[in-house]
Amino acid sequence: METESEPYVRLASLRQLHQVMADMNTARSLADTLQTVADGVVQALGYELACVNLVRPDGDLVVAAFAGNPAAEALITGRVGSRESWERRLGMGEHWGDLVFIPHTEGWVLDDDDVPQWYTDGPAPRFEDEWHPSDRLFAPMYTPAAPGGGSCGELIGVLSVDRPRNGRHPGAWGREALQMYAFQAAIAISNARLRANMQRALVRLEREQQALRASEESFRQAFEYAPSGMAIAEMGGDQHGRILRTNDALCRLLGRPASAMRRYSFSDLVHPEDISTLLRTSAEGGRAELRLGRRDGTYLWVSMRNSVVADAADGPRFLLTHVEDIEERKRRELQLAHRASHDSLTGLPNSAELRARLSSRLCQRPTGELESVDAAYGHPAFAASGDGFDFRPVNQTFDGYDHHVHTVTPESERDDGTKGLAVLFCDLDGFKSINDRFGHNAGDAVLIEVARRLSRAVRDGDTVARLGGDEFVVLADGLGRADAQDLAVRLRNEIIQPIRVDGRAMRVGGSFGIGWAHCGMTADEVLKSADERMYVEKRSRPKQHRRAG
């Protein structure tokens with residue numbers, strides 16, 4: 001570009017400068033932009049050599065692009081100059097606006113610093129504004145200043161130029177053109193960096209989205225094809241626990257289609273006795289064992305494990321529920337528990353279970369006036385169970401007694417209306433002779449039939465237990481003395497009926513002792529009392545009449 005004829009500038013030069021600036025702002029990458037900046041100095045501003053020194057993240061400046069001399073380009077491209085050396089250069093010499101000119105007469109002090117350079121010596125200038133080979137001209141490039149932030153922003157690089165084609169120092173127009181070019185180059189480089197950062201961010205985002213899609217697909221497949229039940233349920237709000245999604249395994253497990261499952265929450269499906277367990281598990285996450293209802297009305301034991309899936313911003317969002325069928329294990333556990341508490345031969349509650357049920361009715365606190373049954377408490381003393389009958393403790397309160405219904409004893413031999421817990425101790429008469437004559441298999445068959453007859457003759461809620469050998473105990477609540485005696489007669493009449501074993505008719509009798517349980521006694525004391533009354537009754541009857549009753 002001509003610089004000696006201000007203010008006249010050829011229109012072709014302006015067009016060339018405009019095209020170079022347009023090329024700077026349309027380069028496809030940061031590297032292309034930097035090279036375009038260097039090439040533009042040579043093509044449009046009238047210099048033979050141009051170098052772009054770019055500030056690195058550590059603050060030093062690297063030669064990022066070079067134009068005008070392939071040999072010099074190969075020599076210094078990629079080399080680094082320290083920030084300290086560059087600040088020294090930009091702080092000395094003559095300042096032409098934002099440009100820095102260091103004449104050859106001062107530049108010798110820079111020969112030993114670490115800034116890459118290609119300068120050579122030459123003869124002294126023949127006229128005042130002649131360019132010397134060791135003259136240095138720098139155009140700092142700054143980011144655009146923020147509003148109110150001063151005339152320039154942060155230094156992002158420095159343009160080094162050399163060898164003006166006309167051999168002279170640039171005039172006012174040349175200096176202004178180089179300064180404007182450096183300003184536009186800074187904008188182009190900043191934009192190129194921004195585009196590069198955006199492209200990297202887009203690539204990273206696309207990779208993350210691909211990874212997320214792959215993760216979601218993996219989760220979908222793991223969820224859908226898991227061999228055990230899986231569900232996603234809402235957490236919090238009015239729809240807490242509502243099922244949003246289920247897999248095929250859970251639908252098969254409960255015998256319900258997926259469309260129907262979405263109409264329920266787990267609280268609609270869980271057994272009423274397991275509601276508290278479900279709510280605790282849903283609120284806190286974790287694992288619990290409970291029963292879920294199937295479509296056919298039956299309940300299935302499952303292990304339910306809840307994971308609370310949380311959103312960092314909004315808090316808990318939903319529950320991921322894993323449901324595993326444990327029906328077979330539960331069945332085995334119940335069988336083991338039943339075997340531990342029941343007689344293996346007759347299936348009746350055994351001695352330990354009998355004492356546990358009896359103890360659950362007896363408080364050991366000394367009592368004054370006995371409390372009567374308060375129906376408002378709603379704690380029945382007995383309830384039917386799967387194996388026959390079961391006691392349920394009625395004194396399960398904070399102090400152990402406030403809701404306890406005291407067990408009382410009828411006051412006298414006459415029927416005064418008092419009802420109590422009768423304990424009938426039964427010892428079979430003539431059983432030993434059956435074992436001796438016909439063997440233990442026949443004796444076992446007799447014991448099984450006696451157990452069946454006793455269980456058939458009592459009320460729902462009463463307990464029939466086998467203590468061992470040929471001894472049985474019946475617990476019957478809510479009886480007066482006359483009622484207990486009638487029960488003993490009825491049970492004896494059931495026992496003495498002939499029992500057929502292997503085609504033979506066998507008969508046994510039964511001696512009954514009636515004891516009464518009341519609070520303040522232990523289970524062993526109650527059983528001992530009934531046992532003693534049984535022996536009194538057995539001795540009071542002639543031996544030949546015991547089987548006939």
Side-chain angles (χ1 to χ4, degrees), residues 3 24 30 33-34 37-38 40-42 45-68 72-73 75-120 129 131-146 149-164 168-190 192-193:
T3 60
M24 271 194 313
L30 177 61
T33 300
L34 295 172
V37 169
V41 174
V42 174
L45 296 181
Y47 296 92
E48 294 183 5
L49 299 176
C51 177
V52 179
N53 301 274
L54 190 67
V55 176
R56 302 192 312 180
D58 62 2
D60 293 340
L61 280 76
V62 62
V63 178
F66 195 94
E73 179 180 359
L75 176 67
I76 67 173
T77 298
R79 294 176 57 187
V80 177
S82 67
R83 183 65 173 261
E84 181 181 2
S85 297
W86 273 107
E87 288 179 348
R88 182 184 180 192
R89 288 178 177 231
L90 297 179
M92 61 184 294
E94 302 175 18
H95 285 264
W96 299 342
D98 289 337
L99 305 180
V100 175
F101 176 72
I102 302 176
H104 67 282
T105 55
E106 301 179 16
W108 62 271
V109 299
L110 303 176
D111 290 343
D112 295 329
D113 68 13
D114 61 357
V115 174
Q117 56 187 359
W118 61 89
Y119 303 109
T120 57
D129 63 347
W131 184 270
H132 188 273
S134 295
D135 287 341
R136 296 171 170 87
L137 179 58
F138 305 116
M141 297 181 290
Y142 297 95
T143 59
S151 59
C152 60
E154 178 184 0
L155 179 71
I156 64 170
V158 179
L159 276 175
S160 301
V161 299
D162 193 19
R163 299 180 187 175
R168 297 176 178 273
H169 296 163
W173 162 250
R175 298 175 187 179
E176 185 72 17
L178 180 59
Q179 185 170 308
M180 288 190 302
Y181 186 83
F183 177 77
Q184 293 296 327
I187 294 176
I189 293 172
S190 296
R193 277 181 166 172

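As the structure is a computational prediction, the values presented were derived from the model and not from experiment.
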### Summary
Tightest non-hydrogen contact, residues Ala50 and Ala38, listed as CB-O, 3.6 Å
## Note on the structure
The salt bridge (Lys or Arg N to Asp or Glu O under 4.0 Å) partners of Asp58 (sequence neighbours excluded) come to Arg56
### Task
Write down the atom of Leu155, the atom of Val55, and the distance for their closest heavy-atom approach.
O-CG2, 3.7 Å
### Whether Trp86 and Phe138 hold their rings parallel, tilted or perpendicular, with breakpoints at 30° and 60°
perpendicular
### Message
I'd like to know whether Val52 forms a side chain to side chain contact (heavy atoms under 4.5 Å, CB included) with Leu159, so could you lay out the CA-CA distance, the side-chain angles of the two residues, the decisive distance to 0.1 Å, and finally the verdict.
### Response
CA-CA 5 Å; Val52 179; Leu159 276 175; 3.7 Å; yes
### Message
Could you report the tightest heavy-atom contact between Met141 and Ala182, atom names first, then the distance?
### Response
CG-O, 3.6 Å
### Query
Arg88: what forms a side-chain contact (heavy atoms from CB on, under 4.5 Å) with it, not counting sequence neighbours?
Val109, Leu110
### Query
Pick from Val41, Val161, Val63: which one makes a side chain to side chain contact (heavy atoms under 4.5 Å, CB included) with Cys51?
Val63
### Query
So does Glu94 have more than 12 non-hydrogen atoms from other groups sitting under 6.0 Å from CD?
yes
#### Entry: N/O donor-acceptor pair under 3.5 Å between Arg175 side chain and Pro170 backbone
yes
### Task
Any chance you could measure Leu54, atom CG, to Leu34, atom CG, to the nearest 0.5 Å?
5.5 Å
#### Entry: Backbone of Gly157 reached by a side-chain donor or acceptor of Asn53 within 3.5 Å
no
### Query
Between Arg89 and Val158, does a side chain to side chain contact (heavy atoms under 4.5 Å, CB included) hold up when you go through it step by step?
CA-CA 11 Å; Arg89 288 178 177 231; Val158 179; over 6 Å; no
### Task
Over 60° means perpendicular and under 30° means parallel, so classify the ring planes of Trp96 and Phe101, tilted if in between.
parallel
### Task
State which residues pass side-chain contact (heavy atoms from CB on, under 4.5 Å) with Glu176; sequence neighbours excluded, sorted by chain then number.
Met180
### Task
Report the residues that fulfil side-chain contact (heavy atoms from CB on, under 4.5 Å) with Ala192, sequence neighbours left out, ordered by chain and then residue number.
Leu30, Thr33, Arg195
### Task
Identify the two heavy atoms, one from Pro116 and one from Ile76, that lie closest to each other, and give their separation to 0.1 Å.
CB-CB, 4.0 Å
### Query
In Å and rounded to the nearest 0.5 Å, what is the CD1 to CD distance from Ile189 to Gln184?
11.5 Å
#### Entry: Asp114: partners by salt bridge (Lys or Arg N to Asp or Glu O under 4.0 Å), with sequence neighbours left out
none
### Message
Going by side-chain contact (heavy atoms from CB on, under 4.5 Å), name the residues that satisfy it together with Glu48, two or more places apart in sequence or in a different chain.
### Response
Arg163, Arg165
### Message
If I take atom CD from residue Glu154 and atom OH from residue Tyr142, how far apart are they, to the nearest 0.5 angstrom?
### Response
11.0 Å
### Message
My understanding is that only residues two or more places apart in sequence, or in another chain, count here; which of them pass salt bridge (Lys or Arg N to Asp or Glu O under 4.0 Å) with Arg83?
### Response
Glu87
### Query
Donor-acceptor pair, Tyr47 side chain versus Ser160 backbone, under 3.5 Å?
no
### Summary
Sorted by chain and residue number, the salt bridge (Lys or Arg N to Asp or Glu O under 4.0 Å) partners of Glu106 (sequence neighbours excluded) come out as none
### Query
Where do Ile156 and Ser190 come nearest, in terms of heavy atoms and distance?
CD1-OG, 3.8 Å
### Query
What are the two closest non-hydrogen atoms of Leu178 and Ala139, and how far apart are they?
CG-CB, 4.1 Å
### Message
Would you compute the distance between atom CG of Asp129 and atom CZ of Arg168 and round it to the nearest 0.5 angstrom?
### Response
4.5 Å
